[in-house]
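Proteins get letters first, then strands, A, B, ... in listed order; numbering begins at 1 in each.
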2 protein chains.
Amino acid sequence: MDKHSLLIDTSIRLFHEKGFHGTPTSLIAKEAGVANGTLFQYFPSKENLIVEAYISIKEEMANELKINKESNANIIDQMKDVFTSSLTWALAHPLKFDFLQQFYNSPYHHKLKEQTIKKYDQTHLDLIQEAIEQGAIRSLPANLVYALISSHTYGLYQYLRVASHDQRKKVIDTGFELLMKMLT
Amino acid sequence: MDKHSLLIDTSIRLFHEKGFHGTPTSLIAKEAGVANGTLFQYFPSKENLIVEAYISIKEEMANELKINKESNANIIDQMKDVFTSSLTWALAHPLKFDFLQQFYNSPYHHKLKEQTIKKYDQTHLDLIQEAIEQGAIRSLPANLVYALISSHTYGLYQYLRVASHDQRKKVIDTGFELLMKMLT
DNA sequence: ATATTGATTGACTAATCAGTCATAAAAGTA
DNA sequence: TACTTTTATGACTGATTAGTCAATCAATAT
């Protein structure tokens, strides 16, 4: 594993444990097994490291979801695929998923360019827009539907994180049925 | 306004702007118009101040919702009342509502006693449990329903915070209808 | 008026941290 | 090997911070 990725992974873990400002760069370097100064060869500043960590997770997630999304033709099946993949990914990478929330609710998020934020939403918004136009889900503002689906996913994640693992698949299916009952 | 409340209100604003560790206690004291040392007479440590700020918001919210909840007999009306009041309160106090999210996604939240967290959930869980027993909403684990309602509320909040204000009442009503469509 | 009490002050300290930089090690090249 | 380039190191620094504490102030009581 290259030092860039190693530093980002270590950062995500430590930021989650101790918060952004509660984690000194010296500790990140130490836990990643590199010298203090090395960190600043890969990232010009701590803030840059935090933002890069966020972007790397968003990229990773976007790549995972893209693969699972191409095959289906039916738009509801596509939505179910995205929904299921998102939840499965989140439950498989709780540290990273929690980091996204932590970042989103921090002052660093406001420093991102509008464009960067939109970049990762656009694919989902397009899918929702198409589903509305096809009449597959009820006619509401796409942004509202996106907010409702995202938070529904997040709510299920919160529940499943502490619930017993063997019911996960069933609860995810039920969760999607509930979502569709609401949106159609 | 007494200094205790003044310091908490100032903290909430600054923590939201600059994050927990990004806000020095000296700045909180300065903006609250008291001396550095005075802050530590009201709060033994910065961590204590952060936790007290969280608890004060939870208390305030609990008190607001309690008042609006007593009158109705019909359980669906009660739920609608809690839902509407929660959203209205959140939209009227976005700084405080955002602080709750920020706190929840920070390492400080893990330091709270289990009991303290449950304290503010219990009333809502009881209401949900009763609604399930009465058959007013479908039979699902109360914790799951709670997670779904909470996140649904949060999703609507996120949408309404940026949407135009004059549609708020209508969107909140629609939001509750959607929620009930899902849960019945 | 004087004394007593408790709240308030802000200069101070010991510790911590982000970022630098001169030096060294490693890798690449001929 | 001998030389060059790239990467890594960690001691160091200037700046910042949480928390302290001796001194001051305000309010009330005697």
From the list A:Leu87, A:Val82, A:Thr88, side chain to side chain contact (heavy atoms under 4.5 Å, CB included) with A:Thr84 holds only for A:Thr88
I need a per-nucleotide contact map over nucleotides 22-28 of chain C, read 5' to 3'. Cutoff is protein heavy atoms under 4.0 Å; write B for the base, S for backbone only, - otherwise.
-------
Would you mind reading off the distance between A:Leu7 atom CG and D:dA8 atom C1', rounded to a whole angstrom?
12 Å
So what does A:Phe43 hit on the nucleic acid, given a heavy-atom distance under 4.0 Å: a base, only sugar-phosphate, or nothing?
nothing
Taking five pairs at each terminus, the helix from C:dA1-D:dT30 to C:dA30-D:dT1 shows an axis bend, to 10°, of 0°
Any side-chain heavy atom of B:Leu160 sitting closer than 4.5 Å to one from B:Ile172?
yes
Just to confirm, is there a sub-4.0 Å distance from OP1 or OP2 of C:dG10 to any side-chain nitrogen or oxygen of B:Lys30?
no
Hey, does the side chain of A:Lys3 come within less than 4.0 Å of D:dA8's phosphate (OP1/OP2), counting only N and O?
yes
With sequence neighbours excluded, what pairs up with B:Glu31 under the side-chain contact (heavy atoms from CB on, under 4.5 Å) test?
B:Thr10, B:Arg13, B:Leu14, B:Leu27
Side chain of A:Phe40 - closest among D:dT7, C:dT9, C:dG19
C:dG19
Salt bridge A:Arg161-A:Asp98, side-chain N to carboxylate O under 4.0 Å:
yes
Under a 3.5 Å cutoff, is there a donor and acceptor pairing between the side chains of B:Thr123 and B:Asp126?
no
Looking only at side-chain atoms of A:Val34, point me to the closest of D:dT9, C:dA11, D:dT7.
D:dT9
Would you say that more than 12 heavy atoms from the other residues, nucleotides or ligands in this model lie under 6.0 Å from the NZ of B:Lys58, or not?
yes
Over how many whole Å does the gap from B:Leu6 atom CG to C:dT8 atom P extend?
11 Å
Would you say D:dA8 has OP1 or OP2 under 4.0 Å from some side-chain N or O of A:Tyr42?
yes
Pairs satisfying ring-ring contact (aromatic ring centres under 6.0 Å, His included), at least one member in residues 32-64 of chain B, at least two apart
B:His4-B:Phe43, B:Tyr54-B:Phe103
Between C:dT9, D:dA8, C:dG19, spot the one nearest the side chain of A:Ser45, thanks.
C:dG19
Looking only at C:dG10, C:dA18, D:dG10, the nucleotide nearest the B:Asn36 side chain is C:dG10
For a 4.5 angstrom cut-off between non-hydrogen side-chain atoms, does B:Met61 reach B:Trp89?
yes
Separation of C:dA18 P from A:Asn48 CG (nearest whole Å)
14 Å
Is a donor from one side chain sitting under 3.5 angstrom from an acceptor on the other, for A:Asn143 and B:Tyr159?
no
Which nucleotide in the list D:dA8, D:dG19, C:dT8 gets nearest to the side chain of A:Thr38?
D:dA8
Using the rule that two of Ile, Leu, Val, Met, Phe, Trp, Tyr join whenever any of their side-chain heavy atoms come within less than 4.5 Å, decide whether A:Leu7 and A:Leu95 are in one cluster.
no
Results of ring-ring contact (aromatic ring centres under 6.0 Å, His included) for A:His16 - residues two or more places apart only:
none
Tell me the interatomic distance from A:Leu39, atom CG, to C:dT20, atom P, rounded to whole angstroms.
12 Å
Could you tell me how far apart A:Lys46 (NZ) and D:dT16 (P) are, to the nearest whole angstrom?
15 Å
Between CD1 of B:Ile50 and C1' of D:dG19 the distance, given in whole Å, is 14 Å
Members of residues 12-29 of chain A that approach DNA chain D, where some heavy atom sits under 4.0 Å away:
none
Is the closest side-chain donor-acceptor distance between A:Glu59 and A:Asn63 under 3.5 Å?
no
